[in-house]
Every structure is written in C-alpha cells, then in structure tokens.
Amino acid sequence: MAHFVGLDVSVKETSVCVVDDAGKVVCERKVPTEPDDIAVLLTSVGGDYVRVGIEAGPLSQWLVNGLSEAGAAGYLRRDPPHEGSVAGAADQQVGPQRRARDRPDDAVGLFKPVHVKTLAAQEQRMLLTSRKLVQRKLIDIESDMRGTLRNFGLKVGIVSTIGYEARIRHLVEASHDWRRSSSRC
C-alpha cells in the first residue's frame, strides 16, 4: 500500500505523520531528530513510501542525506514560502483553528521538489563560506586598526598583506606618544 509521510523538523524532535493513499492516518509520532530514529520508525510502519516531505530548513539536507543512506527514497522538501500561501488559504476555509503542520493534509499536501545537494557539495560550500568569513573579518580588523592609528596621526598607507604587521609595529614603535603611554600600563 502506498504511504505518504510529512516530517515537521525541529532541533530536538521531529513530528512524523504517515498516511495511506486514501488519506487515512497510519501513524503519528514524535521522534528524536536523527535520521536513524526516523528511518527506524518508517521501517516499523512498513509500506511503500511514495513521498516523504521534509520542510526546507537548516537540518533538512542532513536529514535527507541520512535517510537516503538508510535506504529510504522519494524525498521532497516543502518550500515554506510556497506552503505558506496554500496553508493560509486552507486556514481560512477551516476557520479560526489553525491546522497543525504534522497533520495528514501536510503529508499528502502540496510539495514543491527542491534539489538537495550532496554531502560533498555541502562540505565544500561550508568551507568556502567559512573562508570568506575569515577573510572579511581580517579586512575589518585591518581597517579598524588603520582608523584607530590614524586618530593619533599614524598613517599606515598602502602596504601588502605580508608587510602589514611589520608596518604597524614600525609605526607604533616609532611613535613617541605610544611609547610613553605604554610604559604607564
């Protein structure tokens, strides 16, 4: 029998809702947000999973990769902006009660397929992003030091990255005011 799964992911727990092709709830549970725990639950329920919807978010790529390694397939991620417009319309039809995100209509609901990067691509992207962050912070520190020293008439000028530290040391050591104030500390 065909089953559809909706996962509402949070940091500690994930709400899992499994429905059959007729829309009948087969299973509703909360499990720890770990691919192995989710895979164990889905295996225990059994059935042929046509779609497993995971909300797009910080943990979704990790979960998709982990669940794929565990042998589950057919994963799609929900796109929250797309889902929001549909959920808002559904809420208006239902009335003032808001529907839960792990309800059966979420499991069968409107999924927008989203490309999920491979683990290697995620790692490479993380390294490039971290490298860029360090570079920006280094430039920020250098700019701040230039501005601070300029307040005391010490002009760094144009200098290479390699010669920057030596230029700063030279300016500070050559400044009579800096030597006098540093000896009081």
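- The CG atom of L171 sits 13.0 Å away from the CZ atom of F152 when rounded to the nearest 0.5 Å.
- Scanning both residues, K30 and S15, for their nearest heavy atoms gives CE-OG, 3.3 Å.
- Cluster annotation: I141 and I162 are assigned to distinct hydrophobic clusters (Ile/Leu/Val/Met/Phe/Trp/Tyr, side-chain heavy-atom contacts under 4.5 Å, transitive).
- Here the side chain of S175 pairs no donor or acceptor atom with the backbone of V172 at under 3.5 angstrom.
- Across all non-hydrogen atoms, the minimal contact from P35 to L67 is O-CD2, 3.4 Å.
- Ion pairing between R169 and E165 holds under the 4.0 Å rule for side-chain N and carboxylate O.
- For the residue pair P32 and I38, the shortest heavy atom distance occurs at O-CG1, 4.3 Å.
- Using a 4.5 Å cut-off on side-chain heavy atoms (C-beta onward), F4 and V18 make no contact.
- When atom types are taken as modelled, the side chain of Y164 and the backbone of V159 share no donor-acceptor pair closer than 3.5 angstrom.
- Two residues are said to be in side-chain contact when any heavy atoms from C-beta on lie closer than 4.5 Å; L42 and V16 meet this criterion.
- A distance-only check finds a donor-acceptor pair linking the side chain of N65 to the backbone of Q61 [under 3.5 Å].
- Contact detail for L41 and R29: the closest heavy-atom pair is CD1-NH1, 2.9 Å.
- The CG atom of D48 lies 12.5 Å from the CG atom of D20; values are rounded to the nearest 0.5 Å.
- The CZ atom of R150 sits 12.5 Å away from the CE atom of M145 when rounded to the nearest 0.5 Å.
- Counting heavy atoms from C-beta outward, H3 and V19 have side chains that stay 4.5 Å or more apart.
- The two residues L59 and V11 come nearest to each other via the heavy atoms CD1-CA, 4.0 Å.
- For the pairing with L133, the side chain to side chain contact (heavy atoms under 4.5 Å, CB included) check across R131, R136, Q135 returns one residue only, R136.
- Taking CG from L128 and CD from E123, the interatomic distance works out to 12.0 Å, rounded to the nearest 0.5 Å.
- A distance of 8.5 Å separates CG of L154 from CD1 of I168, quoted to the nearest 0.5 Å.
- Here the side chain of T14 pairs no donor or acceptor atom with the backbone of L7 at under 3.5 angstrom.
- T129 places a side-chain N or O within donor-acceptor distance of the main-chain N or O of R125, the cut-off being under 3.5 Å.
- Between S160 atom OG and R167 atom CZ the span is 12.0 Å, to the nearest 0.5 Å.
- A donor-acceptor pair under 3.5 Å links the side-chain atoms of R146 to the main chain of G157, judged by distance alone.
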